[in-house]
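See below for the structure under consideration.
Each residue takes its place number in the sequence, starting with 1.
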Amino acid sequence: MSRSSDVERWKGALITRPDQQFFEVIRFALGKIETPFNKHQLLEDLIAYLKSRETRERILSLISPGDAFLLTAIFALNKPDLPTLYDFLKGTVPYLDLHNHLLNLEERMLIYKSIEDGAEVMRPNPLLADDLETSVVDPHVVFESTSAMQGAGPWVCDRLILSVVAFIREHPAPFKAGRKFKSKIVKEAAARFSFADTKEATGRLILMVLALESAGIIRQADGEFDVAHRELADFASLSQTDRLACLAGGLAASDWTADNPESGAAADQQQTQAYPGLSAFEYACAAKFLLERADPSRSYPAFSLGRMLIAGGLSLSVERHLIKLLNAMKALGLLGSEGGSYRPSPLPVTTGNGIEAPAAVLQPNFEITLTEQASFARTVTVALGARLVSYDVCPVFELTRETVTKRFADGVSAAQLINSLEMLSAVEPPSNVVFSLKSWEKEFLSVRIFHGSVLLVDENRRHLVEHNPDMKKLIISIPAPGVYLMRAGDQAKIEKTLHGCGINQKPALEGSGSLEGKGETDAGKRFQDLDFLAPPAAMLHRRKKKPRPKPGIDVPAELNRKLDTMDVTAEMREELARMIRQRLLLYPEQLEYHAASPREKNEAKGFDYVGKVRIIEQALSRQGTLLEIMTRGTGGKSVRYLVAPAELSKGGADLTLLCRELPNLSTLKLRVRSMSHVRSVRGSLFATS
């Protein structure tokens, strides 16, 4: 949206305020309003004031590091509401302090609030936004990080995923009771996977199995694993980064825990029930965002990575969810860990010179060695029909009668396997391999169970079906005259093709009541749209473009010198000094205006019981006014509350305030006599409720 549109929205947010609020904003900046006046002209005068180079320089010079931090957060979140901003800054700024700071930024006209899509959101003042963006906003103060030595890449890669899937197809029941590998599997893993030792090999293998199962790539039925073919096809169509994100998401969503990786049970059942886990897809989206946005040359504390996700549109607001994701990514080697911080691992970069190198070398002894150029999508068909011999930089597979027969059972033909082998190795497969594949297929097809829909056609109409080329494509077999076995799930195609044959009736349904096969679920669609968090990426690593302009004078010193010369009461002097400290005033003339303006008492403390009651009553009568209340808690410590007052009632010799504490809106009952300090607080300069 253009900056001019932003200005119109800001003007609308101001001019639609009640008159008292509108004129207060105008007087605060411009001083006394001369009559007659016009609200639209006053607004134009305010715009001219804020566009003045001197005014902008004075405003920018008064921005503190705390202001810059909060403004950067608002820019990063792109028009956040208060709950989102509070979630973003969790553990950094108490809610009361955040509210007061935001109100201060509103009064200084650095930000404003507007209602958009039913929510009250915060935006930077468009008249100052360019200056703020170029010389104040600095993402590195919000997304904290330190320089780090770039580490090694992740140990998980496409070739390992293929190797694990092939290994699990060969050993579909690897676990014994308690979700631990059988002794035989431990020995096999140590022999075939070239990791440091047996413990590392089995540990990484169990991580991969849990991740693949939770992500839906493999399934367990009747105690045995097998591939979910449609989901695997969707998985293969993703980029390598997306596949790694899916594995991290799957592991985070599984019952794996870093403290007890083989337990198969949640670490904290009570906490799990209170805060249910996220789905593998939600975790995968977050993992992808961090893989693409976090800088491998930087090390981030966990809260910085959490802030990145919030800025990206996904809040892992329950700390357990964020830690589960980070632990899963760390376990897979996608994140390194340094003193409680996390360093992203550099991802493999696929490069090409225009010539596609062979992805595999096929030997006459049926062994297939994958090269570093082997892509997941090109290799998966063959890997599912082979036995893993050894996993290293270049994994070795072997075509066997048993593994190839499993591939035939998947619906893959010998011709398809031969074609895939030729594409991978860039040469014709050895003749003995081709002969064996065809022989194994012939043997496999010698005993068949057909699965599909049966179409019966009377003799007088068979010629319409058998001479139609489109219908022939749908027919699997013709076991008897007029009996056609059709592919499962093709009911719509069958009906459409029958119509093309001249048979316009809808076929009668017999048996199950439907010609449409059940097929596999389309759960693989969850792998789509993993990058829905992409929009805010632009500012995550941007630095300030230029230093802030400095006015020709020290503004606070100028204001304090002016205050020293003024003949005002001690109470007014303190009030004006407070306004200077809070950076509300820019010019000495504003001191004179505020000194001449009557000030309403907005706080009472100590033994001023009547004053506290009066301030509470005023807050109850004014919509949008909050109260800051200080009382003594257990142990005599002072406790501060920010509350929305609801009712003041008499109980014995004292009055009791019924209120709702912010931000959680929990109900409180506070005795007035127990309050050591009461202060009325404006909800917002742009209060809407």
Subject >> Within 45° cone of Phe88 ring axis and under 6.0 Å: Arg307 NZ or CZ >> reply: yes
Original post:
Cation over ring, Arg123 on Tyr112, under 6.0 Å and within 45°?
Top reply: no
Got a donor-acceptor contact below 3.5 angstrom from the [X] side chain to the [Y] backbone?
X: Lys324; Y: Ala252; value: yes
X: Arg219; Y: Ala228; value: no
X: Ser299; Y: Ala148; value: no
X: Ser214; Y: Gly250; value: yes
X: Arg243; Y: Leu238; value: yes
X: His99; Y: Gly683; value: yes
X: Thr72; Y: Pro139; value: no
X: Thr16; Y: Gly12; value: yes

Evaluate the side-chain proximity of [Y] to [X]: yes if any heavy-atom separation is below 4.5 Å, no if none is.
X: Trp256; Y: Asn327; value: yes
X: Phe303; Y: Glu144; value: yes
X: Phe28; Y: Glu107; value: no

**OP:** Test Glu282 against Ser279 for side-chain hydrogen bond (donor to acceptor under 3.5 Å, both in side chains), laying out the working first.
**Re:** CA-CA 5 Å; Glu282 290 171 306; Ser279 69; 3.2 Å; yes
Subject >> Basic-acidic side-chain contact under 4.0 Å: Lys11, Glu8 >> reply: yes
Atom [atom1] of [X] and atom [atom2] of [Y]: how far apart are they, to the nearest 0.5 Å?
X: Leu335; Y: Arg343; atom1: CG; atom2: CZ; answer: 8.5 Å
X: Leu110; Y: Leu70; atom1: CG; atom2: CG; answer: 10.0 Å
X: Phe235; Y: Asp242; atom1: CZ; atom2: CG; answer: 9.5 Å
X: Leu309; Y: His321; atom1: CG; atom2: NE2; answer: 13.0 Å
X: Asp67; Y: Arg583; atom1: CG; atom2: CZ; answer: 6.0 Å

Decide whether [X] and [Y] meet the rule of one side-chain donor and one side-chain acceptor closer than 3.5 Å.
X: Asp87; Y: Thr84; result: no
X: Asn664; Y: Ser666; result: no
X: Glu116; Y: Ser114; result: yes
X: Glu106; Y: Ser684; result: yes

Subject >> Under the side-chain hydrogen bond (donor to acceptor under 3.5 Å, both in side chains) test, residues paired with Tyr587 that sit two or more places apart >> reply: Thr55
Subject >> Enclosure of Arg53 CZ (heavy-atom neighbours >12, cutoff 6.0 Å) >> reply: no
Original post:
Taking atom CZ of Arg679 as the centre, does the number of heavy atoms from other residues, nucleotides or ligands within less than 6.0 Å exceed 12?
Top reply: yes
**OP:** Measure centre to centre between the rings of Tyr300 and Phe143, then say whether the value is under 6.0 Å.
**Re:** no
Subject >> Steps toward side chain to side chain contact (heavy atoms under 4.5 Å, CB included) verdict (Met329, Leu244) >> reply: CA-CA 9 Å; Met329 295 180 71; Leu244 295 177; over 6 Å; no
